[in-house]
Amino acid sequence: MPAVVQEKAPAGSPPSRVVPHERWADAVLYFVITDRFADGDTRNNRQVNTKAKGTFHGGDLAGLRQHLDEIAELGATAIWITSPVDQIDGFVTGAGFPDWGYHGYWADDFTKMDPRFGSEEELKALVDDAHARGIKVLLDVVYNHAGYESKYVTNPRTSGWLRVGGTCGMDDLTSCLSGLPDFKTELPEVADYLIQAHLDRAARVGADGYRLDTVKHVDHPFWQEHRKRTREKMGKDFFLVGEVWGGDAKSLDPWFAPDEMDAGFDFSFQGSVLGWLQGRGRTVAFDKYLKSREQVRAGHYLSQYLSSHDVKGALAILEGDRELFRLAALLQMTTQGIPTIYYGEEVGRPGGDWPDNRGDMPWGEKDIQPGAGLPRDEALRADYKRMIAIRRAHPALSRAPHTSLASDGDVLVFLRRDEGTKDAVVVAVNRGSAPATASFDVPAEWGDSQARDFWKDEDVPRSGGRIEVTVGPRDARILGVAR
Ligand SMILES: [Ca+2]
Ligand SMILES: [Ca+2]
């Protein structure tokens, strides 16, 4: 019998690999609702009805593992997956339809995996396969609450750990968010249990960090203890990105100043970018906004998204205008901070308001459930790949400060210049319907090298020490020299 059996990739198709990011500032994050991505094992399907919005759709860790190349080929360096822990076995009807815990935010038992998503062995295999492709994995973790009527509430041993009904408070920390049982994270016994349950799993599967849910609803001493213990067990690189609702460069500082986490989602980016592209507000104001994002505390990061599971997606806000959506993505990928791509938006998943913003991953002609047959915009995906590749090749785009070069009329021109790598890139975006001109002094970092437009993939001539280019209507240029 052969001693070695190849159990993965079929012959002739080695797994796609990305160059791993060296620092989190350079990461490109891809967020997946596991239940809505790919169904890799129909044997674990329960409460599955792909036609209903609030039921499980059958996606699982096995399916995500089978289609990791989809994400690797795009160029993402990290994946954030919704929580795989055991969810309550029922539904709520407050929204007017049966709504289940397919999203992973209604835990029944943090120490168990939900069989509908898969086993811990499957989670570990997913992490191992992601690592083999150069991709890191962040687990979504909820400390603030349990699912409705979860075992933590009904078990007499733990029922005192939670605020429910009349014991719910009135402030951010003690209120019962959406009526969910609120953990008394201020009690050492509760904090210890919650931290340990997640940390044990993260260690067993080799996760690279967490996306932290509902951060402002849990007390600061908890987050400080949490930071200490995650670092003790997982090392100092274990990455923590928090959801502080409404967070931006300034309002995240109470969590960054005590170093409770590395990064936070930037809730200001979507509205600012889409508003400017739609012609609302002056270019100079948008330019100032981009500059203001640098106020984030040193060593900490913003993560900018265009769509998420909690807000209306960018393509829907833009009423399906893919030209403007492409420009929004280009601004996301040429701006400081960690871009988070919400699964499927890169192929034009239409999104919409909740719960339509949690639809199935579109797989087009590929026979992958639950999103087989949903149209895919491959041209848009190809543009995403190019934007990500340009960003990864030019550290100035992820690390450098923002310097305004022009902000007149409908055209924004800015320079990103990174001292450490001597990399400099000029970005010009035209939101208007007429061609415009962008002209600027050649950055010293370019020396005598041939200037290129990486986005148009063409050489750009210079005249004296200046460059002058035309920026087409609703179009952009990304200029620099090859590295
Ligand atoms: Ca399944
Ligand atoms: Ca709370």
Side-chain angles (χ1 to χ4, degrees), residues 25-26 269 272-273 275-279 281-295 304 323-324 326-337 339 383 386-483:
D26 302 334
F269 190 81
S272 298
V273 168
W276 179 68
L277 287 172
Q278 289 181 301
R282 296 171 62 199
T283 302
V284 67
F286 179 56
D287 184 63
K288 271 191 187 156
Y289 161 73
L290 290 176
K291 183 70 182 168
S292 75
R293 299 179 74 252
E294 287 165 31
Q295 293 169 27
Q304 64 271 22
E323 268 183 356
L324 284 191
R326 188 178 277 101
L327 284 187
L330 186 139
L331 282 163
Q332 184 192 24
M333 296 298 167
T334 53
T335 297
Q336 190 180 47
D383 284 340
R386 289 177 51 232
M387 290 175 207
I388 293 169
I390 294 168
R391 182 179 180 88
R392 296 295 322 281
H394 291 275
L397 291 174
S398 48
R399 301 176 193 174
H402 171 100
T403 304
S404 176
L405 298 181
S407 52
D408 307 315
D410 287 327
V411 184
L412 174 66
V413 187
F414 58 92
L415 166 69
R416 310 289 311 283
R417 174 189 274 147
D418 181 48
E419 298 275 344
T421 56
K422 305 286 178 221
D423 184 34
V425 177
V426 172
V427 180
V429 180
N430 178 7
R431 70 175 176 180
S433 52
T437 301
S439 61
F440 55 91
D441 288 334
V442 175
E445 287 82 357
W446 294 4
D448 295 325
S449 302
Q450 174 65 55
R452 294 273 304 163
D453 182 332
F454 304 119
W455 182 237
K456 297 284 163 199
D457 197 22
E458 64 188 26
D459 285 345
V460 174
R462 55 173 87 184
S463 169
R466 299 278 294 174
I467 282 179
E468 184 172 303
V469 292
T470 300
V471 192
R474 310 173 111 211
D475 203 353
R477 323 257 329 207
I478 306 176
L479 306 157
V481 297
R483 287 174 58 78

For [Y], is there any backbone N or O sitting under 3.5 Å from a side-chain donor or acceptor partner on [X]?
| X | Y | result |
| --- | --- | --- |
| D410 | R431 | no |
| T283 | G409 | yes |
| Q332 | Q304 | yes |
| R416 | L397 | yes |
| W276 | G281 | no |
| K291 | H402 | yes |
| R477 | D453 | no |

| said: Would you compute the distance between atom OG1 of T334 and atom CD1 of I390 and round it to the nearest 0.5 angstrom? | reply: 9.5 Å
| Nearest-0.5 Å distance that lies between atom OG1 in T335 and atom CZ in R391 | 7.5 Å
Kindly check if the number of other-residue, nucleotide or ligand heavy atoms within 6.0 Å of [atom1] ([X]) is above 12?
| X | atom1 | answer |
| --- | --- | --- |
| R483 | CZ | yes |
| E294 | CD | yes |
| D448 | CG | no |

| Salt bridge or not for R452 and D457, using N-O below 4.0 Å? | yes
| query | Between R399 and D423, is the closest basic N to carboxylate O distance under 4.0 Å? | reply | no
| said: Ignoring hydrogens and geometry beyond distance, is a side-chain donor-acceptor pair present between H394 and D418 at under 3.5 Å? | reply: no
| request: Go through the steps to decide whether V469 and L479 satisfy the test side-chain contact (heavy atoms from CB on, under 4.5 Å), and finish with yes or no. | output: CA-CA 10 Å; V469 292; L479 306 157; 4.2 Å; yes
